[in-house]
Amino acid sequence: MNGPFLKITWSKLKLEERREVSALHKHRVYELLFLVQGRANYCVEGSLYQLTSGDLLITKPNEAHIWINQNDVETALYEQIVVRFNGEAIEEEKREDILSMLDGREFGHCNCYPAALFSDAPWYELLTKLWENQGQEALTALLWEMCRRYPILTQRGQEPIDPVDRITAYIHENLTHSLNVEQLCKRFYISRAHLYRLFREKLGYSVWDYVVEKRLLLAKALIEGGEHPTTVSEKCGFANYSAFYKAYTTHFGTSPQTNKGTGAKTYVDP
């Protein structure tokens with residue numbers, strides 16, 4: 001995208017029911033969302049933020065996110081202001097510092113700026129100037145105020161629960177049920193690429209390698225306890241016995257039948 005880009009939309013929605021109103025999506029530009037009234041959950045790359053009136057949410061290019069309605073009362077009013085822009089829309093004098101803040105954080109971290117952070121200079125006043133002027137100066141002033149508060153945000157310990165912890169807990173609870181990467185992405189509102197990167201960085205596995213290894217450990221424990229390998233294969237979520245046999249022998253160096261009834265030797269998470 002060549003040249004400055006800045007677009008502002010001010011929306012008022014009359015919500016008739018509690019429902020999810022957006023699909024998992026991402027943009028090629030930065031997006032600021034200001035919650036004027038109402039409540040909503042925003043899930044950004046697997047991290048959940050609970051927004052109330054006055055909160056601000058920032059996403060950077062390619063950061064996948066979804067909006068989830070949290071207004072329980074019928075015919076509730078929901079109002080938001082969305083600002084989309086690229087780096088060229090920021091004044092050159094402060095562009096490098098601002099982009100360093102916007103791009104420097106990890107995906108899914110420090111996306112939400114609570115209203116209390118702007119008690120001395122409410123973002124609403126800054127946003128009004130931006131709405132009226134639609135220019136670089138007003139946008140830069142608003143982003144600069146965010147930069148000033150960014151260290152406070154990181155020091156307050158308001159990071160959401162680690163998405164890997166949430167996902168691994170879900171995998172363990174559903175190890176014997178149907179699982180696939182697409183299902184995990186949809187459930188935790190996270191892009192496939194970011195899901196793989198998080199698992200590689202934290203655990204050293206791809207997410208699917210992690211699922212398979214957990215299933216194999218469970219299968220070995222069940223077989224050592226006396227269960228038949230074909231029954232265990234199905235119970236542990238493998239598509240067919242051939243795939244299970246190949247994965248089992250590759251991982252443990254022995255066939256499932258060799259370990260049958262040898263007694264519990266494999267540790268399985270409680």
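Proximity of a side-chain donor or acceptor of R215 to a complementary backbone N or O of T176 within less than 3.5 Å is not detected. N86 contributes no side-chain N or O that, together with a main-chain N or O of P4, makes up a donor-acceptor pair within less than 3.5 Å. Not a single donor-acceptor pair under 3.5 Å links the side chain of R149 to the backbone N or O of Y113.
Side-chain contact between L222 and C236: present, with at least one pair of heavy atoms (C-beta onward) separated by less than 4.5 Å. F252 has its side chain out of reach of T258: every pair of non-hydrogen atoms, C-beta onward, lies at least 4.5 Å apart. Contact annotation: the side chain of F85 approaches that of L32 to within less than 4.5 Å [non-hydrogen atoms, C-beta and beyond]. For the pair L216 and F238, the minimum side-chain heavy-atom distance is below 4.5 Å. At a threshold of 4.5 Å between non-hydrogen side-chain atoms, the residues L127 and V83 count as touching. T128 has its side chain within reach of E132: a pair of non-hydrogen atoms, C-beta onward, lies under 4.5 Å apart. Residues N180 and L184 are not in side-chain contact: their nearest non-hydrogen atoms beyond the backbone lie 4.5 Å or more apart. Between R84 and V29, some side-chain heavy-atom pair lies under the 4.5 Å cut-off.
For N111 and Y42, the side-chain atoms include no donor-acceptor pair closer than 3.5 Å. For the 3.5 Å distance criterion, the side chains of D103 and Y30 qualify, holding a donor opposite an acceptor. Using modelled atom types, one finds no donor on one side chain facing an acceptor on the other under 3.5 Å when comparing E91 with Q136.
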CA sep, side-chain torsions, deciding dist, call: W144, D97, side-chain contact (heavy atoms from CB on, under 4.5 Å): CA-CA 9 Å; W144 190 249; D97 290 334; 3.8 Å; yes
Does the side-chain contact (heavy atoms from CB on, under 4.5 Å) test come out yes or no for L51 and C112, once each step is laid out? CA-CA 8 Å; L51 274 63; C112 181; 4.2 Å; yes
Run the side-chain contact (heavy atoms from CB on, under 4.5 Å) test on L198 and F107 for me, step by step, so that the C-alpha distance in whole Å, both residues' side-chain angles and the decisive distance to 0.1 Å come before the verdict. CA-CA 10 Å; L198 287 177; F107 276 25; over 6 Å; no
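Shortest non-hydrogen contact noted between S53 and A115 is O-CB, 4.3 Å. R200 and D209 make their closest contact through NH2-OD2, 4.1 Å (heavy atoms, listed as atom of the first residue, atom of the second, distance). When every heavy atom of I223 is checked against every heavy atom of P256, the shortest pair comes out as CG2-O, 3.3 Å. When all heavy atoms are compared, the tightest approach of G108 to Y49 is O-OH, 3.0 Å. What you find for I58 and C110 is that their closest heavy atoms are CG2-O, 4.2 Å. Taking both residues in full, the closest heavy atoms of A40 and L35 are given as N-CD2, 4.3 Å, listed atom of the first, atom of the second, then distance.
Counting only residues at least two apart or in different chains, side chain to side chain donor-acceptor pair (under 3.5 Å) contacts with residues 239-252 comprise Y248-N259.
How far NE2 of H228 is from CD of Q257: 5.5 Å, rounded to the nearest 0.5 Å. Separating the CG atom in L142 from the CD1 atom in I98 is a distance of 9.0 Å, to the nearest 0.5 Å. Taken from NE2 in H194 to CG in N62, the straight-line distance is 11.5 Å, to the nearest 0.5 Å. How far CH2 of W131 is from OG1 of T9: 7.5 Å, rounded to the nearest 0.5 Å. Considering CG of L139 and NZ of K94, their distance stands at 12.0 Å, rounded to 0.5 Å. One finds the CZ atom of F34 at 10.0 Å from the CG atom of L57 (value rounded to the nearest 0.5 Å).
When the options E31, H27, R105 are evaluated for a side-chain contact (heavy atoms from CB on, under 4.5 Å) with E63, the one that passes is R105.
Within 6.0 Å of atom NZ in K60, more than 12 heavy atoms from other residues, nucleotides or ligands are found, so the atom counts as buried in its surroundings. No more than 12 heavy atoms of other residues, nucleotides or ligands lie within 6.0 Å of CD in E137, so this atom counts as exposed by the packing criterion. Counting non-hydrogen atoms of other residues, nucleotides and ligands closer than 6.0 Å to CD of Q50 gives a total of 12 or fewer. Within a 6.0 Å radius of CD in E234, no more than 12 heavy atoms belonging to other residues, nucleotides or ligands are found.
A salt bridge links R148 with E145; the closest basic N to acidic carboxylate O contact falls under 4.0 Å.
Residues W67 and Y78 place their aromatic rings such that the two centres sit under 6.0 Å apart.
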